[in-house]
There are 2 protein chains.
Amino acid sequence: MNIGEIAERAGVSRSTVSYALSGKRSVSEETRRKIQRVIDELGYRPNASARALANGRTSTIGLVFPPAGNHYTGMQLDFIGSVVEAAAVHDYDVLLSPSGVDSDRSFQRLLGERRVDGAILMEIRLEDDRVEHLAELDFPSVAIGRTAHPESGWWVSLDHTALAAACVHHLADLGHRRVAFVNRPEQLLYAGYESAHRGLDGFTKAAAERGLTVRTYCCGDDAASGQECVERILHDDPATTALVTLNEAALGGLYRGLARAGRHVPRDFSVTGIVASRWAETVTPQLTAADVPAEEMGRRAVDLLVERIEQPTAPGRHHLLTPPISLRASTGPATGTPIP
Amino acid sequence: MNIGEIAERAGVSRSTVSYALSGKRSVSEETRRKIQRVIDELGYRPNASARALANGRTSTIGLVFPPAGNHYTGMQLDFIGSVVEAAAVHDYDVLLSPSGVDSDRSFQRLLGERRVDGAILMEIRLEDDRVEHLAELDFPSVAIGRTAHPESGWWVSLDHTALAAACVHHLADLGHRRVAFVNRPEQLLYAGYESAHRGLDGFTKAAAERGLTVRTYCCGDDAASGQECVERILHDDPATTALVTLNEAALGGLYRGLARAGRHVPRDFSVTGIVASRWAETVTPQLTAADVPAEEMGRRAVDLLVERIEQPTAPGRHHLLTPPISLRASTGPATGTPIP
DNA sequence: CTAGCTTCGCGAACCGGTTCGACGAAGTGA
DNA sequence: TCACTTCGTCGAACCGGTTCGCGAAGCTAG
């Protein structure tokens, strides 16, 4: 069943049906009703491929998300969900693209074959060839995160520098003097992931400012690594009384490691970091943290992308978000007498 | 840049280029090389919409997933990831469709407009009009979960009945006599979600078989609800010594509730259920549970769907999975002297 | 030498929409 | 009454691929 059949049954031409549907030229009320009746009767819907071919737009956006090898974090999940819902509001579908092992291949699929009108990129690196590549091609895209040269681009990002610094200040205000930083895995840091770098940076600078003694660690994205990381921290400096993390997936393991070592949170040891609220509330005691507003970020990314798609000449726009620290139950005043 | 330009530069016709690419007719080695050189030079890739229009296949599968209002669980996340990766192996892309508030609308988009060659449905109900609707249309689809009439369909499912029963037997073997069941939220049970129903069923029957005293509860998909649910359980029957859950998102809250009530896991109280291993390992003590093999389920669902798409006449196939219970640290022998 | 078969390439039709130019009918103002 | 608009509709071209039928050239066999 196609537009020709509708036209035939309604006794009009194919173009008239098209105009009746799109409203791009006026069609008399009478013919419009005749056409609509036939459409309703047959349950006709225009073929998406044909439409995309004819007018050059697919009404689909690509979501380039990290490979599963990296375990997904809760934040990514919330994010995907919010992108899909926001896209639906603008009448776009979302095509998932694994930027996994063979990222070139799926990139080619999305862009080269023109499957999507624009793309949202996750897991941005400071020097990100994907971002540069897309900018060169003048292909609409919005990054979740900023590269080292964010001035002119389209992106939505957390201010990891400021958030990590806020965590440090919070701990310093509570009297903590020896603080550890638990980052994402080593490979990600080496690969230049911006959140890992900027978070580390913000932590280090703020700690220096407050005269804290710090150690920084990389930690795998799972509970076992988190536990092992705490062991390393307490081994390297048993006088450590607090940690800051942006590794959501390791959080449960960090708590377990502290419990095993006999450190009570928050009495003997404070924990804070940058984590989606839903997960911060899952652990006991609930985590005092800068809540990642994943839902808002997804929505804003889609809004920006749609804007970019619809007016290709517009200058770059972006949102830098700095959510406040939500005080929950995982931080407290330093006792001054750490367990030996 | 299109196939015509390639043809022109290579000095051949458009059809020859097409055949050289698809290999559906023989093309001399010499012309093939000439064409390939031009293609490589220009970085040509055939337009997906045009191809889809011409041969009637989009090389895309739809993943119909639950609305975000329901908080996503970790299992769903792992699942989405594995579907995307498995699809990529078969050269399919994945289009996400929120079956949210306006599920009809997005359904129409996917199927009516022929955006996808087939669909994978999540969050199946015992009486699921989507499944029936697709079966009537003879549209290729695979369900994650089975309806009340699963005989002839295409699906991949956990045997929630058997798994819940296995949890009961595990607890009964440890000597527990008073056991609670923590289900998904009430609305989902009422709506007929199959995992909630079959899980409850398996639990109830096995408990009767072993002569246990049981109470069953519905619980929201978040930590706060989990905590509150434990309070209810201990209020209703303080002699309860164990619980079984298939509510992953409430798990952290269940643990917190038990800790608040002064019940030590597993000394005073045992917890088990049906949960993805990654999340079972996040809580402390780690959860003894039937591990949801989300990755395997996603892969199998895609394999089935591709099979169904490629041979439309094949009879229904399915996989019913019953992963074993992984013994971790959250269950132990009943003490016989519950805390008053 | 010619009939018959392969191999290789071409042109045209087709998939199902959108859009442009043209044209007849009706309406308007002088 | 005539020139000029406006309105509603149609036919044809186009988007960028795929596929079918045909025919030219080259080979083999009788």
Side-chain angles (χ1 to χ4, degrees), chain A residues 1-39 42-60 91 93 108-117, chain B residues 1-39 42-60 91 93 108-117:
Chain A
M1 177 203 331
N2 54 30
I3 201 173
E5 192 170 336
I6 302 297
E8 203 172 319
R9 299 207 187 204
V12 298
S13 74
R14 302 198 307 149
S15 48
T16 303
V17 175
S18 178
Y19 286 124
L21 255 59
S22 70
K24 293 193 178 174
R25 278 198 191 175
S26 55
V27 171
S28 76
E29 193 48 38
E30 194 195 332
T31 6
R32 187 193 308 284
R33 260 205 301 275
K34 233 174 14 188
I35 292 173
Q36 193 58 52
R37 256 228 345 256
V38 177
I39 287 179
L42 272 65
Y44 165 76
R45 309 229 68 201
N47 180 301
S49 302
R51 201 208 296 258
L53 176 59
N55 65 19
R57 305 190 350 123
T58 60
S59 297
T60 303
D91 254 311
D93 285 329
Q108 277 300 321
R109 253 182 106 93
L110 283 196
L111 309 195
E113 303 183 5
R114 315 217 87 79
R115 275 176 210 273
V116 300
D117 296 336
Chain B
M1 178 201 334
N2 54 30
I3 201 173
E5 190 171 337
I6 303 297
E8 203 173 317
R9 298 208 188 202
V12 299
S13 75
R14 303 197 308 149
S15 51
T16 303
V17 175
S18 178
Y19 285 125
L21 254 58
S22 70
K24 292 192 180 174
R25 277 196 191 176
S26 55
V27 171
S28 76
E29 193 49 38
E30 196 193 331
T31 358
R32 186 194 308 285
R33 260 203 303 274
K34 235 176 9 191
I35 293 173
Q36 194 57 53
R37 255 227 345 256
V38 178
I39 287 179
L42 273 65
Y44 165 76
R45 308 228 68 199
N47 180 301
S49 302
R51 204 210 292 260
L53 176 58
N55 65 19
R57 305 190 350 121
T58 59
S59 296
T60 303
D91 254 310
D93 284 328
Q108 277 300 323
R109 251 181 106 95
L110 283 195
L111 311 194
E113 303 183 5
R114 315 218 86 80
R115 275 174 210 273
V116 300
D117 296 336

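Every chain is numbered from 1 and lettered A, B, ... according to where its sequence line falls, protein lines coming before strand lines. Everything quoted here is computed from the prediction, not taken from an experiment.
At a threshold of 4.0 angstrom between heavy atoms, the contacts of Ser22(B) with the nucleic acid are absent. Ser26(B) comes within contact range of the sugar-phosphate backbone alone, with a heavy-atom separation under 4.0 Å but no base atom that close. Across all strands, Ser28(A) comes closer than 4.0 Å only to sugar-phosphate atoms, never to a base (heavy-atom distances).
Atoms CD1 and CD1, on Ile6(B) and Ile39(B) in that order, are 5.5 Å from each other to the nearest 0.5 Å. Taking OG from Ser49(B) and CG from Asn47(A), the interatomic distance works out to 9.5 Å, rounded to the nearest 0.5 Å. To the nearest 0.5 Å, atom CG of residue Leu21(B) and atom OG1 of residue Thr16(B) are 11.5 Å apart. Residue Leu42(B) holds its CG atom at 5.0 Å from CE of Met1(B), rounded to the nearest 0.5 Å. Note: Ser28(B) OG to Lys34(B) NZ = 7.5 Å, rounded to the nearest 0.5 Å.
When atom types are taken as modelled, the side chain of Arg32(B) and the backbone of Val27(B) share a donor-acceptor pair closer than 3.5 angstrom.
Sorted by first and then second residue, the salt bridge (charged side-chain N to carboxylate O under 4.0 Å, His left out) pairs with a member in residues 43-59 of chain A read Arg45(A)-Glu113(B); sequence neighbours excluded. Every pair passing side chain to side chain donor-acceptor pair (under 3.5 Å) that includes a residue from residues 1-10 of chain A is listed here, sequence neighbours excluded: Glu5(A)-Arg9(A).
Using a 4.0 Å cutoff on non-hydrogen atoms, the parts of residues 44-53 of chain A near DNA chain D are Leu53(A), ordered by number.
The shortest heavy-atom contact between Ser18(B) and Ile3(B) is N-CD1, 3.8 Å. The two atoms that bring Arg115(A) and Thr60(A) nearest to each other are O-CB, 3.8 Å, heavy atoms only.
A salt bridge does not link Arg33(B) with Glu30(B): every distance from a Lys NZ or Arg NE/NH1/NH2 to an Asp or Glu carboxylate oxygen is 4.0 Å or more.
Rounded to 10 degrees, the angle separating the terminal axes of the helix from dC1(C)-dG30(D) to dA30(C)-dT1(D) is 50°, with each axis obtained from five end pairs.
You can see that DNA chain C meets the heavy atoms of chain B within a 4.0 Å-exclusive cut from dC8(C) to dG16(C), reading 5' to 3'.
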Please produce a list of atom pairs where a protein N or O lies less than 3.5 Å from an N or O of nucleotides 10-12 of chain D.
residue, atom, partner, partner atom, Å
dC10(D), OP2, Ser13(A), N, 2.8
dC10(D), OP2, Ser13(A), OG, 3.1
dC10(D), OP2, Thr16(A), OG1, 2.6
dG11(D), O6, Ser15(A), OG, 3.1

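Proximity of Ser59(A) to Asp91(A): side-chain heavy atoms (C-beta onward) are nowhere separated by under 4.5 Å.
The nearest whole Å value for the distance from the NZ atom in Lys34(A) to the P atom in dG8(D) is 14 Å.
In this structure, Arg114(A) places its CZ atom where only 12 or fewer heavy-atom neighbours from other residues, nucleotides or ligands lie under 6.0 Å away.
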